[in-house]
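Below is one structure, written out as structure tokens; the observations come after it.
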Amino acid sequence: MLLRYVIRNLARHPLRATLTVLTMSIIILAFGLLRTTVAAWYAESLGTPPDRLRTRHAVSISFQLPVTYQQRIAIIPGVSGVSYANWFGGRWKDGKAFFPRYAVEPDSYLELHPEIQLPPPQREAFLRDRRACIVGRKLAAKLGWRVGDIVRLQGSLYPGNWEFTIRGIYTGTSQTTDEGSMYLHWVAMDERRRIEDQARAGTVGWFVVRMANPEQAAQISTTIDQTFANSIAETRTETEQAFRANMATMSGAVIRVIEIMSVLILGISLLVVANAMAMTVRERHHEYGILKTLGFRAPHLGFLIFGESVCLALFGGILGVVLLYPASKGFGMFLTSNLGGFFATFTLPAQLPVLAVSLSVGIGLLGAIIPFLLCLRSRIRDELRHMG
């Protein structure tokens with residue numbers, strides 16, 4: 001019987017109930033998109049192979065390491081392969097189309113990164129031509145590039161005008177593989193540095209180290225760092241997953257803001273539900289007074305108030321989850337096509353809908369606490385004075 005009263009009460013103010021449900025759905029939708037964005041930001045680091053390490057400068061990745069470190073790392077027990085890379089920077093056309101650009105030692109880099117897939121003819125063409133580059137499938141589709149096109153970059157870290165010929169378009173072996181980057185020959189970049197920027201010639205940004213046994217990651221990392229201890233460029237070695245996670249943390253100030261916003265909007269939804277229920281209880285003082293005189297106790301009144309509040313929040317949460325699926329697909333297409341270097345994939349976490357619905361129920365319960373307490377504290381004689 002009480003449940004029937006709850007349903008009737010929901011229909012007494014259809015406009016208010018509808019607006020509350022819609023507000024809750026929009027808030028849950030925003031919460032879901034924000035949390036999915038955070039999960040997508042860290043997705044690439046979670047999908048990295050366990051047998052790779054990254055060695056960078058101990059102070060910061062912005063400091064360079066001598067390329068000669070490669071030979072000394074290669075002979076460390078447990079190391080089965082070493083390559084290196086460098087952030088190239090630069091700007092394409094007006095700079096509005098941003099995408100990561102890396103200068104790498106192509107042969108060893110592709111060997112250590114089997115997730116970067118190239119057709120054999122394109123791979124051979126890339127390895128033979130120092131002025132060549134390869135680009136990801138998503139990046140090529142976005143900018144309309146084809147194999148054989150010339151990419152002209154205006155240097156930033158390394159001034160001057162640069163031209164590279166696209167010799168291949170790579171694809172990834174999984175959804176977490178970045179298909180929005182450009183790779184070029186490190187030696188092509190270093191040749192010009194030896195003429196125009198000798199201080200940075202013969203240096204790299206980081207080394208990629210492959211281990212024969214991933215269980216020796218800690219031991220090999222320590223050995224590498226001890227090898228270059230007290231040198232002009234000390235190193236810090238960590239697993240590739242930790243390296244990418246740290247990079248995401250260092251460059252993820254916006255992501256931290258998004259995490260905070262996702263929590264704040266839940267507080268806003270709580271205020272929305274609490275305000276709706278406070279108005280409802282205030283309008284029904286007279287009815288609650290009559291119910292008390294008829295013998296309705298606190299559990300009965302609580303069921304009416306909490307039930308209505310939970311229903312409003314729950315309906316809004318379910319509607320928000322339903323809208324979340326198409327919204328996340330559209331928003332994900334936008335992010336991966338425009339910011340593929342940072343968001344290789346954008347997939348709705350499997351547990352997020354359940355979390356969103358659970359939070360909606362929790363918000364409904366919390367939002368009814370104060371209105372329920374106000375109802376209990378009011379006296380019957382005071383409630384019966386109110387006729388509306």
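Throughout, numbering of the chain's residues begins at 1 and tracks the sequence.
- A donor-acceptor contact closer than 3.5 angstrom links the side chains of Ser108 and Glu105.
- Residues Leu319 and Leu355 fall within the same hydrophobic cluster, defined by Ile, Leu, Val, Met, Phe, Trp and Tyr side chains chained together at heavy-atom separations under 4.5 Å.
- Note that the CG atom of Asp129 and the CD1 atom of Ile166 stand 12.5 Å from one another [nearest 0.5 Å].
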| task | Step by step, work out the side-chain contact (heavy atoms from CB on, under 4.5 Å) result for Ile150 and Arg152. | result | CA-CA 6 Å; Ile150 304 297; Arg152 295 178 175 86; 4.0 Å; yes
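- In this structure the side chain of Leu312 reaches within 4.5 angstrom of the side chain of Val21, judged on heavy atoms.
- A 4.5 Å side-chain heavy-atom check between Leu53 and Glu240 finds every atom pair outside the cut-off.
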| task | Just do the salt bridge (charged side-chain N to carboxylate O under 4.0 Å, His left out) check on Glu191 and Arg131 with the steps written out, would you? | result | CA-CA 11 Å; Glu191 285 176 351; Arg131 303 298 172 181; 3.3 Å; yes
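- A centroid separation of less than 6.0 Å is found between the aromatic rings of Phe126 and His185.
- Val321 and Ala356 get closest at one heavy-atom pair: CG2-CB, 3.8 Å.
- The main-chain N or O of Glu179 is never found under 3.5 Å from a side-chain atom of Arg137 such that the two would form a donor-acceptor pair.
- Counted by atom type alone, Asn86 and Tyr158 present one or more donor-acceptor pairs between their side chains at under 3.5 Å.
- Note on Ile268 and Phe315: same hydrophobic cluster, where clusters join Ile, Leu, Val, Met, Phe, Trp and Tyr whose side-chain heavy atoms are under 4.5 Å apart, directly or indirectly.
- With hydrophobic clusters built from ILVMFWY side chains whose heavy atoms lie under 4.5 angstrom apart, Leu143 shares a cluster with Leu184.
- Nearest heavy-atom pair across Met211 and Gln216 is SD-C, 4.4 Å.
- By the side-chain contact (heavy atoms from CB on, under 4.5 Å) test, Leu118 is found to be paired with Leu110, Gln122, Arg123, Ile134, Tyr170, residues two or more places apart in sequence or in another chain being considered.
- Here the side chains of Thr235 and Arg56 are not in contact, with every heavy-atom distance at 4.5 Å or above.
- A distance of 12.5 Å separates CD of Glu215 from CG of Asp51, quoted to the nearest 0.5 Å.
- Under a 3.5 Å cut-off, the side chain of Glu124 and the backbone N or O of Pro120 do not form any donor-acceptor pair.
- Looking at Ser80 and Arg210, their side chains do bring a donor and an acceptor atom within 3.5 Å of each other.
- Residue Ile363 is not grouped with residue Leu19 when hydrophobic side chains (ILVMFWY) are merged at heavy-atom distances under 4.5 angstrom, including chains of intermediate members.
- Counting only heavy atoms from C-beta outward, the side chains of Leu22 and Met24 never approach each other to under 4.5 Å.
- Exactly one residue among Trp186, Trp87, Tyr109 makes a ring pair (Phe, Tyr, Trp, His ring centres under 6.0 Å) with Tyr102. That residue is Trp87.
- Arg192 forms a cation-pi arrangement with Trp162, by the criterion of a distance under 6.0 Å to the ring centre and an angle within 45° of the ring axis.
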| task | For ring-ring contact (aromatic ring centres under 6.0 Å, His included), just list the numbers for Tyr69 and Phe228, CA-CA rounded to whole Å, side-chain angles, deciding distance to a tenth of an Å, and then say yes or no. | result | CA-CA 9 Å; Tyr69 279 13; Phe228 303 107; 3.9 Å; yes
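- We find the CG-CG distance between Leu29 and Leu34 to be 9.5 Å, quoted to the nearest 0.5 Å.
- Side chain of Asp190 to backbone of Ala201: no donor-acceptor contact under 3.5 angstrom is found.
- Annotation: side chain of Arg35 is in contact with side chain of Leu352 (closest heavy-atom distance under 4.5 Å).
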| said: As a quick check of understanding, evaluate side-chain contact (heavy atoms from CB on, under 4.5 Å) for Arg91 and Leu153, giving each step before the final call. | reply: CA-CA 5 Å; Arg91 185 178 65 177; Leu153 300 177; over 6 Å; no
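- Atom-to-atom distance recorded for Thr177:OG1 and Ile116:CD1 is 8.0 Å, nearest 0.5 angstrom.
- For the atom pair CD1 (Ile318) and CD1 (Ile28), the distance works out to 11.0 Å, reported to the nearest 0.5 Å.
- In this structure, the side chains of Phe164 and Phe88 come closer than 4.5 Å at one or more pairs of heavy atoms.
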| said: Show, in sequence, the C-alpha distance, side-chain angles and deciding distance for Arg146 and Asp149, and conclude whether the salt bridge (charged side-chain N to carboxylate O under 4.0 Å, His left out) test is met. | reply: CA-CA 6 Å; Arg146 301 178 183 177; Asp149 287 352; 5.9 Å; no
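- Closest of all the heavy-atom pairs between Phe207 and Pro66 is CZ-O, 3.4 Å.
- A distance-only check finds a donor-acceptor pair linking the side chain of Gln70 to the backbone of Val82 [under 3.5 Å].
- The nearest pair of heavy atoms linking Ser309 to Gly367 is OG-C, 4.2 Å.
- Scanning both residues, Thr227 and Thr223, for their nearest heavy atoms gives OG1-O, 2.7 Å.
- In this structure the side chain of Gln117 reaches within 4.5 angstrom of the side chain of Thr173, judged on heavy atoms.
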| request: Apply the test side-chain contact (heavy atoms from CB on, under 4.5 Å) to residues Val147 and Ile169: give CA-CA distance (whole Å), side-chain angles for both, the deciding distance (0.1 Å), then the verdict. | output: CA-CA 7 Å; Val147 174; Ile169 297 176; 4.1 Å; yes
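- When side chains are defined from C-beta on, Leu33 counts as touching Ser328, because their heavy atoms get closer than 4.5 Å.
- Rounding to the nearest 0.5 angstrom, the gap separating the CG atom in Leu314 from the CG atom in Leu359 is 12.0 Å.
- For the salt bridge (Lys or Arg N to Asp or Glu O under 4.0 Å) condition, no pair includes a residue of residues 350-370, sequence neighbours left out.
- Between Tyr84 and Trp206, the gap from one ring centroid to the other reaches at least 6.0 Å.
- Cluster membership for Val354 and Val357, using ILVMFWY side-chain heavy atoms within less than 4.5 angstrom, is not shared.
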| Check against side-chain contact (heavy atoms from CB on, under 4.5 Å), Arg128 and Arg167 | CA-CA 10 Å; Arg128 287 196 307 264; Arg167 296 300 184 189; over 6 Å; no
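- Applying the ring pair (Phe, Tyr, Trp, His ring centres under 6.0 Å) definition to pairs two or more places apart or across chains, those involving residues 129-155 are Trp92-Trp145, Phe99-Trp145.
- Across all non-hydrogen atoms, the minimal contact from Arg200 to Thr203 is O-OG1, 2.5 Å.
- Using modelled atom types, one finds a donor on one side chain and an acceptor on the other under 3.5 Å when comparing Thr55 with Thr237.
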| said: Go through it in stages, so that I can follow the logic: the residues are Arg236 and Glu238, the test is salt bridge (charged side-chain N to carboxylate O under 4.0 Å, His left out), and I'd like the CA-CA distance, side-chain angles, deciding distance and then a yes or no. | reply: CA-CA 7 Å; Arg236 177 180 176 182; Glu238 54 197 349; 3.5 Å; yes
